[in-house]
Amino acid sequence: QVQLVESGGGSVQAGGSLRLSCTGSGFPDGSYCMGWFRQAPGKEREPVAALYTGGGSALYADSVKGRFTISRDNAKNTLYLQMDSLKPEDTALYSCAADRTSLFVCLSLWTVAVRYNHWGRGTQVTVSS
């Protein structure tokens, strides 16, 4: 059974840092587009960052570029999101997602949430001013 489990959320003051983790299990062999998305109350889900497990550059939304870093540890089957210089507008439920696809599709469509077949339940991040 494919499963994604996020952890690492919490409450932090503006300017602080958090590192989110997303541990996967049960995935068939192959390359995946792994993404982080977030959703604040009353707002639509928005893409945050992604990377392709088969290699290639990390991808970021403009709103987090230069502050967030996505990475992965293959040995631990874990995806990370290092979040620095946090702002109150970063407050949201953060979820990771996986899409078994090609590098080209990942680069082109990583922001499209409906493409992702597998989702975690999310971890809450709250940033106070």
Side-chain angles (χ1 to χ4, degrees):
Q1 181 179 357
V2 172
Q3 192 173 20
L4 292 169
V5 179
E6 301 94 338
S7 61
S11 297
V12 64
Q13 288 192 324
S17 298
L18 284 173
R19 189 177 79 157
L20 307 184
S21 300
C22 170
T23 300
S25 61
F27 280 86
D29 290 342
S31 296
Y32 292 79
C33 190
M34 301 295 300
W36 283 100
F37 287 76
R38 66 186 183 186
Q39 187 167 20
K43 294 187 176 182
E44 292 188 358
R45 182 165 51 192
E46 62 174 347
V48 176
L51 58 74
Y52 189 63
T53 63
S57 301
L59 305 161
Y60 298 97
D62 288 343
S63 58
V64 306
K65 203 171 292 184
R67 301 187 298 122
F68 290 11
T69 304
I70 188 171
S71 63
R72 65 191 177 100
D73 184 331
N74 289 339
K76 296 182 179 180
N77 292 324
T78 300
L79 182 74
Y80 300 102
L81 185 68
Q82 177 67 41
M83 306 187 296
D84 299 318
S85 303
L86 282 162
K87 305 175 181 180
E89 51 263 43
D90 294 320
T91 295
L93 181 70
Y94 284 71
S95 301
C96 66
D99 174 25
R100 188 177 182 183
T101 188
S102 67
L103 173 61
F104 177 78
V105 172
C106 186
L107 293 175
S108 304
L109 299 174
W110 73 273
T111 61
V112 181
V114 294
R115 285 206 55 85
Y116 293 82
N117 309 109
H118 307 288
W119 289 83
R121 299 182 69 175
T123 184
Q124 179 67 36
V125 171
T126 302
V127 184
S128 58
S129 56

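Values below: all heavy atoms of this structure, side chains included; hydrogens, waters and symmetry mates excluded. On a predicted model such as this, the values are computed, not experimentally measured, just so you know.
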Looking only at heavy atoms, what is the nearest atom pair of [X] and [Y], with distance?
X      : Y     : result
Trp110 : Pro47 : CZ3-CB, 3.7 Å
Val2   : Pro28 : CG2-CD, 4.2 Å
Trp119 : Ser95 : CE3-CB, 4.1 Å
Ala50  : Cys33 : CB-SG, 4.5 Å
Ala49  : Leu81 : CB-CD1, 4.2 Å
Arg72  : Leu51 : CD-CD1, 3.4 Å

Please round to the nearest 0.5 Å and tell me the distance separating atom [atom1] of [X] and atom [atom2] of [Y].
X      : Y      : atom1 : atom2 : value
Arg100 : Asp29  : CZ    : CG    : 7.5 Å
Ser11  : Leu86  : OG    : CG    : 11.5 Å
Ser57  : Ile70  : OG    : CD1   : 12.0 Å
Gln13  : Ser129 : CD    : OG    : 9.0 Å
Asp99  : Arg115 : CG    : CZ    : 5.0 Å

More than 12 heavy atoms from other groups under 6.0 Å of CZ on Arg121 =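 No, not enclosed.
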
request  = Taking the six-membered ring for Trp and the full ring for Phe, Tyr or His, determine whether the centres of Tyr32 and His118 are under 6.0 Å apart.
outcome  = no

task = Output yes when Asp62 and Lys65 qualify as a salt bridge under the 4.0 Å nitrogen-oxygen rule, no when they do not.
result = yes

inquiry  = Whether Glu46 and Arg38 form a salt bridge (side-chain N of Lys/Arg under 4.0 Å from carboxylate O of Asp/Glu) is what I want to check.
reply    =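 Yes.
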
query = Would you say the side chain of Thr53 lies within less than 4.5 Å of the side chain of Met34, judging by non-hydrogen atoms?
reply = yes

N/O donor-acceptor pair under 3.5 Å between [X] side chain and [Y] backbone:
X     : Y      : result
Arg45 : Phe37  : no
Glu6  : Leu20  : no
Thr91 : Val127 : yes
Tyr52 : Val105 : no

inquiry  = Between Asp84 and Ser17, is the side chain to side chain contact (heavy atoms under 4.5 Å, CB included) condition met? List the steps.
reply    = CA-CA 4 Å; Asp84 299 318; Ser17 298; 2.7 Å; yes

ask   = So which of Thr78, Leu79, Leu4 actually passes side chain to side chain contact (heavy atoms under 4.5 Å, CB included) with Thr23?
value = Thr78

request  = Carefully, step by step, assess Tyr60 and Arg67 under the rule side chain to side chain contact (heavy atoms under 4.5 Å, CB included).
outcome  = CA-CA 10 Å; Tyr60 298 97; Arg67 301 187 298 122; over 6 Å; no

Ring geometry between Phe68 and Tyr94 (parallel below 30°, tilted from 30 to 60°, perpendicular above 60°) = tilted

ask   = Side-chain heavy atoms under 4.5 angstrom apart, residues restricted to Ile, Leu, Val, Met, Phe, Trp, Tyr: same cluster for Val12 and Val48?
value = yes

task = Flag yes if Leu59 and Leu103 sit in one hydrophobic cluster, no otherwise; membership is Ile, Leu, Val, Met, Phe, Trp, Tyr, and two members link when side-chain heavy atoms are under 4.5 Å apart.
result =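 Linked, Leu59 and Leu103 end up in one cluster.
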
